[in-house]
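Working notes, structure below.
Along the sequence shown, residues carry numbers from 1. In what follows, every heavy atom counts, from backbone to side chain, and hydrogens, waters and symmetry copies are set aside. Counting starts at 1 for both ligands and their atoms, following the listed order. If you're wondering where the values come from, they're calculated on a predicted model, not measured in any experiment.
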Amino acid sequence: MSQARLTLPAPAKLNLMLHITGRRADGYHELQTLFQFLDYGDELSFALRDDGEVRLQTEIADVPHDSNLIVRAARALKEQSGCPLGVDIWLKKVLPMGGGIGGGSSDAATTLLGLNHLWQLGWDEDRLAGLGLKLGADVPVFVRGHAAFAEGIGEILTPVTPEEPWYLVLVPQVSVSTAEIFSDPLLTRDTPPIKVRPVPKGNSRNDCLPVVTRRYPEVGNALNLLGKFTEAKLTGTGSCVFGAFPSKAEADKVSALLTETLTGFVAKGANISMLHRKLQALL
Ligand SMILES: C[C@@](CO)(OP(=O)(O)O)[C@H](O)COP(=O)(O)OP(=O)(O)OC[C@H]1O[C@@H](n2ccc(N)nc2=O)[C@H](O)[C@@H]1O
Ligand SMILES: Nc1ncnc2c1ncn2[C@@H]1O[C@H](COP(=O)(O)OP(=O)(O)O)[C@@H](O)[C@H]1O
């Protein structure tokens with residue numbers, strides 16, 4: 001008898017601003033950043049195995065099975081919960097890797113929430129976010145599923161509700177390593193922390209931008225092209241750049257002009273992640 005599959009989305013995120021306010025003794029950077037989700041992302045399907053094995057059935061280029069954040073998340077949850085069950089997982093990879101839109105972290109969060117459901121573990125969000133943080137600084141916001149102002153290394157989250165415009169996201173054909181940008185000696189690491197809440201308008205800078213555009217001229221090129229139509233910003237450590245539009249039609253119009261030379265996509269901003277909306281509908 002074939003096993004029913006649980007299929008869940010793994011949305012992208014944008015960093016609407018990103019300030020680096022310091023560096024911890026362990027080398028990790030202290031940030032202030034604003035996360036918002038996109039209604040656009042990967043898709044994961046899960047089917048129970050009763051032999052306790054965790055198997056990702058889809059190969060992705062350059063990411064060995066056991067290093068994939070999906071497999072690492074599933075194994076960590078299995079180990080921490082003592083669950084005897086296993087799982088087969090299929091991945092529809094849509095999000096560019098090394099794009100600063102959080103694909104790997106989002107895949108990991110969807111795996112944690114999906115398996116919590118499938119294995120009937122009953123873990124609460126705090127516990128899942130705590131385990132997620134061990135997999136990556138970006139995982140907790142995807143576990144919680146609400147747009148947030150983040151501090152610490154990205155794990156101290158205050159829910160926020162910014163406007164939800166349509167975005168055009170351009171995808172320069174380069175993969176940026178987060179570790180490489182954070183280890184650049186020229187990176188700004190001393191932006192004074194914003195103490196006022198909500199974050200005052202005008203704080204939309206991304207401190208990674210000068211270092212990223214110096215190393216990757218393709219990113220600077222994309223920012224210049226999009227900047228002819230709207231304020232163009234870098235998300236995370238790149239490579240993706242984005243701009244906001246009041247309607248899908250306007251985003252599509254600019255997309256049609258720019259994607260002749262550059263890859264990109266149009267998606268709606270979302271303060272509640274589509275993963276959480278889908279899980280809510282299942283319960
Ligand atoms: C910069 C951000 C902003 O949202 O996004 P991306 O551009 O990667 O999507 C994130 O903080 C990235 O989170 P994530 O991609 O989960 O990073 P991790 O796997 O934890 O860390 C990768 C490497 O980046 C550096 N790192 C990461 C986060 C942080 N606050 N300080 C750091 O110095 C560390 O050198 C670490 O080894
Ligand atoms: N499921 C996954 N999806 C994407 N990348 C993954 C995954 N598992 C591990 N990785 C590794 O994590 C790196 C960063 O991926 P990703 O999250 O897409 O970028 P970013 O951190 O820039 O948003 C990839 O280059 C890849 O080596």
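Between Ile89 and Leu56 there is a side-chain heavy-atom pair separated by less than 4.5 Å.
Ionic pairing of Asp42 and Lys93 is present here: one or more N-O contacts between side-chain nitrogen and carboxylate oxygen are shorter than 4.0 angstrom. The pair Lys201-Glu231 does not count as a salt bridge, with every side-chain nitrogen at least 4.0 angstrom from each carboxylate oxygen. At a threshold of 4.0 Å, the pair Glu125-Arg144 counts as salt-bridged, since one of the basic side-chain nitrogens sits closer than that to a carboxylate oxygen.
In the model, Thr33 has a side-chain atom that pairs as donor or acceptor with a side-chain atom of Asn15 under 3.5 Å.
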Starting from the N and O atoms of ligand 2, collect every protein N/O partner closer than 3.5 Å and put each pair on its own line with the distance to 0.1 Å.
unit_1: ligand 2; atom_1: 1 (N); unit_2: Asn68; atom_2: OD1; d: 2.9
unit_1: ligand 2; atom_1: 1 (N); unit_2: Asp107; atom_2: OD2; d: 3.0
unit_1: ligand 2; atom_1: 3 (N); unit_2: Lys93; atom_2: NZ; d: 3.0
unit_1: ligand 2; atom_1: 3 (N); unit_2: Asp107; atom_2: OD2; d: 3.4
unit_1: ligand 2; atom_1: 8 (N); unit_2: Leu69; atom_2: N; d: 2.9
unit_1: ligand 2; atom_1: 17 (O); unit_2: Gly104; atom_2: N; d: 2.8
unit_1: ligand 2; atom_1: 18 (O); unit_2: Gly98; atom_2: N; d: 3.4
unit_1: ligand 2; atom_1: 19 (O); unit_2: Gly98; atom_2: N; d: 3.1
unit_1: ligand 2; atom_1: 22 (O); unit_2: Gly99; atom_2: N; d: 3.4
unit_1: ligand 2; atom_1: 22 (O); unit_2: Gly100; atom_2: N; d: 2.9
unit_1: ligand 2; atom_1: 23 (O); unit_2: Gly100; atom_2: N; d: 3.3
unit_1: ligand 2; atom_1: 23 (O); unit_2: Ile101; atom_2: N; d: 3.4
unit_1: ligand 2; atom_1: 23 (O); unit_2: Gly102; atom_2: N; d: 2.8

List of N/O pairs, ligand 1 versus protein, all under 3.5 Å?
unit_1: ligand 1; atom_1: 4 (O); unit_2: Lys13; atom_2: NZ; d: 3.2
unit_1: ligand 1; atom_1: 4 (O); unit_2: Asn15; atom_2: OD1; d: 3.4
unit_1: ligand 1; atom_1: 4 (O); unit_2: Asn15; atom_2: ND2; d: 3.0
unit_1: ligand 1; atom_1: 4 (O); unit_2: Asp138; atom_2: OD1; d: 3.0
unit_1: ligand 1; atom_1: 4 (O); unit_2: Asp138; atom_2: OD2; d: 3.4
unit_1: ligand 1; atom_1: 5 (O); unit_2: Lys13; atom_2: NZ; d: 3.3
unit_1: ligand 1; atom_1: 5 (O); unit_2: Asp138; atom_2: OD2; d: 3.3
unit_1: ligand 1; atom_1: 7 (O); unit_2: Thr237; atom_2: N; d: 2.7
unit_1: ligand 1; atom_1: 7 (O); unit_2: Thr237; atom_2: OG1; d: 2.9
unit_1: ligand 1; atom_1: 8 (O); unit_2: Thr178; atom_2: OG1; d: 2.7
unit_1: ligand 1; atom_1: 9 (O); unit_2: Lys13; atom_2: NZ; d: 3.0
unit_1: ligand 1; atom_1: 9 (O); unit_2: Asp138; atom_2: OD2; d: 3.4
unit_1: ligand 1; atom_1: 16 (O); unit_2: Ala137; atom_2: N; d: 3.1
unit_1: ligand 1; atom_1: 16 (O); unit_2: Asp138; atom_2: N; d: 3.0
unit_1: ligand 1; atom_1: 20 (O); unit_2: Tyr28; atom_2: OH; d: 3.1
unit_1: ligand 1; atom_1: 20 (O); unit_2: Ala137; atom_2: N; d: 2.9
unit_1: ligand 1; atom_1: 21 (O); unit_2: Tyr28; atom_2: OH; d: 3.4
unit_1: ligand 1; atom_1: 30 (N); unit_2: His29; atom_2: O; d: 2.9
unit_1: ligand 1; atom_1: 30 (N); unit_2: Ile153; atom_2: O; d: 3.3
unit_1: ligand 1; atom_1: 31 (N); unit_2: His29; atom_2: N; d: 2.8
unit_1: ligand 1; atom_1: 33 (O); unit_2: His29; atom_2: N; d: 3.3
unit_1: ligand 1; atom_1: 33 (O); unit_2: His29; atom_2: ND1; d: 2.8

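Panel note: side chain Arg277, backbone Ile272; a donor-acceptor pair is recorded below 3.5 Å.
Using the six-membered ring where Trp is involved, Phe265 and Tyr40 have ring planes that are parallel, under 30° apart on the 30 and 60° scheme.
Enclosure of atom CG in Asp51 by more than 12 non-hydrogen atoms of other residues, nucleotides or ligands within 6.0 angstrom is indicated.
Of the residues listed (Leu95, Leu91, Val139, Leu69), the one engaging Asp107 in a side-chain contact (heavy atoms from CB on, under 4.5 Å) is Leu91, and it is the only one.
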